[in-house]
**Student:** 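Could you have a look at this structure, given as structure tokens, before my questions?
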Number of protein chains: 2
Amino acid sequence: MHQLHHILIVDDARDIREPLAQYLKKNGFRATMAANAKEARQHLKETKFELVILDIMMPGEDGLQLCQWVSNNDGPPVILLTAVADDVSKVVGLEIGAEDYLTKPFNPRELLARIKIILRRFPKQDDTITPIQRKFAGMLHDPLHHKITRDNGTELELTTGESRLLSVLLDNPFKILDRSKLLDLVAGREPKAYDRAIDNTVSRLRKKIERDPKSPELIVTKWGGGYMLACDVETLL
Amino acid sequence: MHQLHHILIVDDARDIREPLAQYLKKNGFRATMAANAKEARQHLKETKFELVILDIMMPGEDGLQLCQWVSNNDGPPVILLTAVADDVSKVVGLEIGAEDYLTKPFNPRELLARIKIILRRFPKQDDTITPIQRKFAGMLHDPLHHKITRDNGTELELTTGESRLLSVLLDNPFKILDRSKLLDLVAGREPKAYDRAIDNTVSRLRKKIERDPKSPELIVTKWGGGYMLACDVETLL
DNA sequence: TTAACATTGATACAATTTGCGACAATTAAT
DNA sequence: ATTAATTGTCGCAAATTGTATCAATGTTAA
């Protein structure tokens, strides 16, 4: 199964936002919604998106500002939605870093076509593995071959999922990561109801790397919050 | 005996056209130049090309018209060159039948990469192969004769399928390629239900190039994701 | 403190995905 | 047309991941 493209929808109008997300999901995308620019920034910081669909007419921070911010920060391509056929806005929008625009009301199929064209132009940075090895707690993690070498030389095989989880934890030492975020970063999907998949992966990884899996010292549980890696991490060149 | 891919370059600017032809020839292609749309039509009638690189901003007949004509007449795939980052033109260009586009100034290596991708997508020609030799993990891959020469001098015969798979992997080191994409790039077809053809080719290639095929180090499995080449690749001129 | 509740850990099991040998189908060579 | 080589399909075992369940543990309210 291959990763779905993840699209962020930013629109204050729920009757646009939600049907649109539904439609995109039906057509093979992963969609996340934000009701305003602030929410959008939050999502963009936490998660990786391949495309942003952005209504420029929003209360509070203007959509155009957000668009500019996204493109200035090397973010994903942006499709603008405008409520009126305002030619000035269109031009400004494209000059501000947007890849395309649509005027509401729009044809969903046309939006779909434009999305596909743009995604083709911005080939998804497929899961490129950073071949970077890191040391932690007397162990060396090799994310390429998903295995660990201890200081005493013994080797330890990880599964793909365990290795990805470890990579995420090593990216965020001493930071509490909740299950939803971990699931996103490790498996690239959103949690379903009562989703305990991550707990399992944590448990399995603990069994392999903890000195005493019964009382974990590296991957500690933050009750009600998530998990945290509690050790220093050294990145090797 | 093999045949080089024949590429037609259409650009009125000599300082683009000629270095580009030179560069392509250096990299194992056959290149022909045209300074305008009329010349291009002439060439296209007389000779068979596997690819056209076309500047859309040209005097006289517009490049877009030529592009349309080529794709309408079941001609070779087209890569558009645009002088400015004109987003509208881009969209129109792709809708008009172009396979890809680049904005000038472009990175020659990026163009090369895109050329190879497109040529793989159009494998209808008989025996044409991107003739690029690359070194990896102490081995030299020769896609023309689909064989491998190890640093110690011993040689290794591959089947054409194995060689194509290796080429695709060498194109994307450290990237996870899912089965669908691999099948597309290697065999040029869509996967049918429960299609395991790629798994087999991977298995067969592993037996030939892995030190220990039981625990692969070069072609790594990413569970639920696909396969990945986990070694550096050096392209030889 | 204890009772009630929510969250987490551990185990078993189910579902999915992969490795690979065997064989069939296809393609190329003679 | 026969034969050989290559590629695709099938099937089963192994590996990996997800789900269900219950025990253990933390939290909150009386």
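Bear in mind that the values here come from a model prediction, so they are computed numbers and not experimental data. A, B, ... follow the sequence lines: proteins, then strands. Residue 1 opens every chain.
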**Student:** Between B:T221 and C:dG19, does any side-chain N or O lie under 4.0 Å from OP1 or OP2?
**Tutor:**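 For B:T221, the contact criterion (side-chain N or O under 4.0 Å from OP1 or OP2 of C:dG19) is met.
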**Student:** D:dG18 P sits how many Å from A:R164 CZ, rounded?
**Tutor:**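 Going from A:R164 (CZ) to D:dG18 (P), I get 11 Å.
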**Student:** Taking DNA chain D as the partner, which of residues 154-161 of chain A come within under 4.0 angstrom of it by heavy atom?
**Tutor:**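 A:T159, A:T160, A:G161, in order of number.
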**Student:** Going through the checks in order, is the salt bridge (Lys or Arg N to Asp or Glu O under 4.0 Å) test met by B:R134 and B:D171?
**Tutor:** CA-CA 10 Å; B:R134 283 174 292 200; B:D171 283 341; 2.6 Å; yes
**Student:** Just to verify, which of A:R189, A:R30, A:H6 counts as forming a side chain to side chain donor-acceptor pair (under 3.5 Å) with A:D184?
**Tutor:**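 Checked A:R189, A:R30, A:H6 against A:D184; only one passes side chain to side chain donor-acceptor pair (under 3.5 Å): A:R30.
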**Student:** Closest heavy-atom contact between A:P191 and A:L183?
**Tutor:**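 The answer is CA-CD2, 3.4 Å.
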**Student:** Looking at B:R150 and B:M139, would you say the former's side chain and the latter's main chain have a donor-acceptor pair under 3.5 Å?
**Tutor:**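 Such a contact is absent between B:R150 side chain and B:M139 backbone.
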**Student:** Tell me whether the side-chain N/O atoms of B:K192 come closer than 4.0 Å to OP1 or OP2 in D:dG8.
**Tutor:**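 False: B:K192 side-chain N/O out of range (4.0 Å or more) of D:dG8 OP1/OP2.
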**Student:** Just by distance, with hydrogens left out, do B:R196 and B:S203 show a side-chain donor and acceptor under 3.5 Å apart?
**Tutor:**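 Looking only at side-chain atoms, B:S203 and B:R196 do not form any donor-acceptor pair under 3.5 Å.
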**Student:** Roughly, in whole Å, what's the span from CZ in A:R206 to C1' in C:dA10?
**Tutor:**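 Taking CZ of A:R206 and C1' of C:dA10, I get 11 Å after rounding.
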**Student:** Out of B:L170, B:D232, B:D151, which one pairs with B:K135 under the side chain to side chain contact (heavy atoms under 4.5 Å, CB included) rule?
**Tutor:**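 Of B:L170, B:D232, B:D151, side chain to side chain contact (heavy atoms under 4.5 Å, CB included) with B:K135 is met by B:D151 alone.
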**Student:** Calculate the interatomic distance between A:L183 atom CG and D:dT19 atom P; express it in whole Å.
**Tutor:**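 Spelled out: CG on A:L183 to P on D:dT19 is 9 Å.
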**Student:** Tell me: NZ of B:K214 to P of D:dA13, nearest whole Å?
**Tutor:**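 Result: 16 Å.
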**Student:** Of B:D199 and B:R204, whose closest DNA chain C nucleotide lies nearer the 5' terminus?
**Tutor:**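 Going by which nucleotide is closer to the 5' end, it is B:D199.
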**Student:** Strictly below 4.0 Å: does B:K207 bring a side-chain N or O up to OP1 or OP2 of C:dG21?
**Tutor:**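 For C:dG21, OP1/OP2 do have a side-chain N/O of B:K207 under 4.0 Å.
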**Student:** For A:L205 and C:dG9, what is the distance between atoms CG and P respectively, to the nearest whole Å?
**Tutor:**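 Interatomic distance, CG of A:L205 to P of C:dG9: 13 Å.
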**Student:** What is the separation between atom CG on B:D195 and atom C1' on D:dT9, rounded to the nearest whole Å?
**Tutor:**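 So the two atoms are 9 Å apart, to the nearest Å.
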**Student:** Please answer whether the main-chain N or O of B:F136 pairs with a side-chain N or O of B:E234 as donor and acceptor at a distance below 3.5 Å.
**Tutor:**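 Checking the backbone N and O of B:F136 against the side chain of B:E234, no donor-acceptor pair under 3.5 Å is found.
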**Student:** For B:T159, is there any backbone N or O sitting under 3.5 Å from a side-chain donor or acceptor partner on B:E162?
**Tutor:**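 Side chain of B:E162 to backbone of B:T159, a donor-acceptor pair under 3.5 Å: yes, one is there.
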**Student:** Figure out the CD/P separation between B:E162 and D:dT6, and round it to whole Å.
**Tutor:**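 Rounding to the nearest Å, CD of B:E162 and P of D:dT6 are 8 Å apart.
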**Student:** Within the 4.0 Å limit for protein heavy atoms, which parts of nucleotides 20-30 of chain D are touched? Write it as a string from 5' to 3', B for base, S for sugar-phosphate only, - for none.
**Tutor:** B-----SS---
**Student:** Please check if the side chain of B:K208 supplies one atom and the backbone of B:E157 the other of a donor-acceptor pair under 3.5 Å.
**Tutor:**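 Side chain of B:K208 to backbone of B:E157: a pair is present.
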**Student:** Compare side-chain N and O positions of A:R179 against OP1 and OP2 of C:dT7 and report whether any pair is under 4.0 Å apart.
**Tutor:**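 A:R179 to C:dT7 OP1/OP2: no side-chain N or O under 4.0 Å.
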**Student:** Nearest whole Å is fine: how far is D:dA5 P from B:H146 NE2?
**Tutor:**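 Nearest whole value for this atom pair: 13 Å.
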